2 protein chains.
Amino acid sequence: MARRARRPEARPDEILDAALAVFSEVGFAGARVEDIAARAGLSKGAVYVYFESKELMLKALVRRLADRVVGAAEMLVQSNAQADAEQTLRSLLTFMAMQLSNPKVSAAPRLVLAEAQRFPEIAALYRDDVIGRARQLLGKLCDRGIAQGVFRAVDRDVMLRSCAGPMLAHMMLSTVFADPKNPAPPPEVIAGGIADLVLNGLRPRP
Amino acid sequence: MARRARRPEARPDEILDAALAVFSEVGFAGARVEDIAARAGLSKGAVYVYFESKELMLKALVRRLADRVVGAAEMLVQSNAQADAEQTLRSLLTFMAMQLSNPKVSAAPRLVLAEAQRFPEIAALYRDDVIGRARQLLGKLCDRGIAQGVFRAVDRDVMLRSCAGPMLAHMMLSTVFADPKNPAPPPEVIAGGIADLVLNGLRPRP
DNA sequence: CCTATTAGTGACCAATGGGTCATTAATAGA
DNA sequence: TCTATTAATGACCCATTGGTCACTAATAGG
């Protein structure tokens, strides 16, 4: 086989990209290291230069990905720190729904959902680094809304489930369970509808 | 090994029970037919008397399970056909949240979420037999609420995501991502909170 | 009892795939 | 240009496991 250029610095990331693609297609157990290597343009042996085992690849992958979605969400909330909480939450929900409609973005959380049961360490990592931060973020936003008088008091665990849940459902429905015969409305419409419902739900009753 | 009594009629169900347990612990690809057999109190060979292959076991399993949760939900809505839509939806949401807090009940949907990507046939089956029916059910309930003047007009796809999503999130958070250090409030409290928020969200604005 | 039937067994086969390592080739430095 | 270093290869090893099948033993019927 044609020998490829030596670019050791770039390898780990390339391998992880390939691993995410393969894992999310056939699952962790079903993925062959040789396929991951091939997709990264390497031989199997080279993969083991950078990662000790297939399982450590999975962990590195989750660690690398944990930041991306939540990080972007935190950024969005922070940059809207002055705006009213209602508008910020609407932007956040819309942004998330749009992101998660993209199979490439949703591949990572989908993979975690699929494998968490089998790898308690990964479940714990995700719980602390993604779910925990999302809960914090929503909690703070919620406090702001309450202070501004636009949200009523809501438990954080209820808030987390009520905001993240529809996003999760939308992700699954627009990727693995997408029905070519009955296409759903475009994501921005769905996202807007969900935001309307949740925001209306958060409004204090007269 | 001690030979067990011959009870051919009961075998398929016993094997599927065992398969669900093993699949949901280690995933489909990670499950060994021999382990499934052992858990059912049989040898590997016997399993192949009843199921042609491991994959057909998975399909049979999903088919058998599809009914259970949605069937119960449909029953609940039907038996409350006279009551007001708001109260019915509250009961439905609470019932689902309680059910899905139980790892034994949630094992099946969790398994489907994990494997659907890899088995398009299973994804299609679940989409039609579970998600489709849930969408119908919520749509009808929604129509009733609108007719009674207690719900405002909501798109069915938004309704599906906004109702099923929090349940899904609750399921994942109370099983795979449960944090022993920060226990969530009891399920009935969470369920009530979610129902409050969603119902308030559905109320027509003055 | 004796025999026919069939549920159930478990040794075995063949393929698969994670992981290793001796070897090769590309580069850096002198 | 020559040598030392190291990125990368791929043939190989071997444990694992889906699936088969010749055989065993429990039951049913006469």
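Residue numbering restarts at 1 for every chain, and letters A, B, ... go by the order of the sequence lines. Because the structure is a prediction, the values reported are computed rather than measured.
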- Query: With under 30° as parallel and over 60° as perpendicular, where do the rings of B/F119 and B/F28 fit, or are they tilted in between?
  - Reply: perpendicular
- Item | Length of the CD-P vector between B/E34 and D/dG18, whole Å | 9 Å
- Between B/E55 (CD) and D/dG18 (C1'), how many Å, whole number? 12 Å
- Task: Would you kindly check whether a donor in the side chain of B/K44 faces an acceptor in the base of D/dG19, or vice versa, at under 3.5 angstrom?
- Result: yes
- Separation of B/I194 CD1 from B/M96 CE (nearest 0.5 Å): 12.0 Å
- Distance in angstrom units between B/E14 CD and C/dA7 C1', rounded: 13 Å
- Return the value, rounded to whole Å, for the distance between atom CG of A/L42 and atom P of C/dT24. 20 Å
- Note on the structure: B/I36 CD1 to D/dT17 P, in whole Å, measures 12 Å
- Message: Using a 4.0 Å heavy-atom cut-off, does A/A31 contact any base of the nucleic acid, only the sugar-phosphate backbone, or nothing at all?
- Response: sugar-phosphate
- Task: Have a look at B/A37 and say if it touches a base, only the backbone sugar-phosphate, or nothing, with a 4.0 Å heavy-atom cut-off.
- Result: nothing
- Query: When the nearest nucleotide of DNA chain C is assigned to A/A46 and to B/A46 on a heavy-atom basis, which residue is associated with the more 5' position?
  - Reply: B/A46
- Query: Taking atom CD of A/E121 as the centre, does the number of heavy atoms from other residues, nucleotides or ligands within less than 6.0 Å exceed 12?
  - Reply: no
- Query: What's the spacing between A/F151 CZ and B/L197 CG if we round to 0.5 Å?
  - Reply: 10.0 Å
- Task: Return no unless some side-chain N or O of A/Y50 is found under 4.0 Å from OP1 or OP2 of D/dA8.
- Result: yes
- In whole angstroms, the gap separating C1' of C/dG19 from CG of A/L56 amounts to 13 Å
- Figure out the NZ/C1' separation between B/K54 and D/dT20, and round it to whole Å. 17 Å
- Message: For A/Y48 and B/V49, find the nucleotide of DNA chain C closest to each by heavy atoms; which residue's nucleotide sits nearer the 5' end?
- Response: B/V49
- Message: How many whole angstroms separate atom CZ of A/F51 from atom P of C/dG18?
- Response: 15 Å
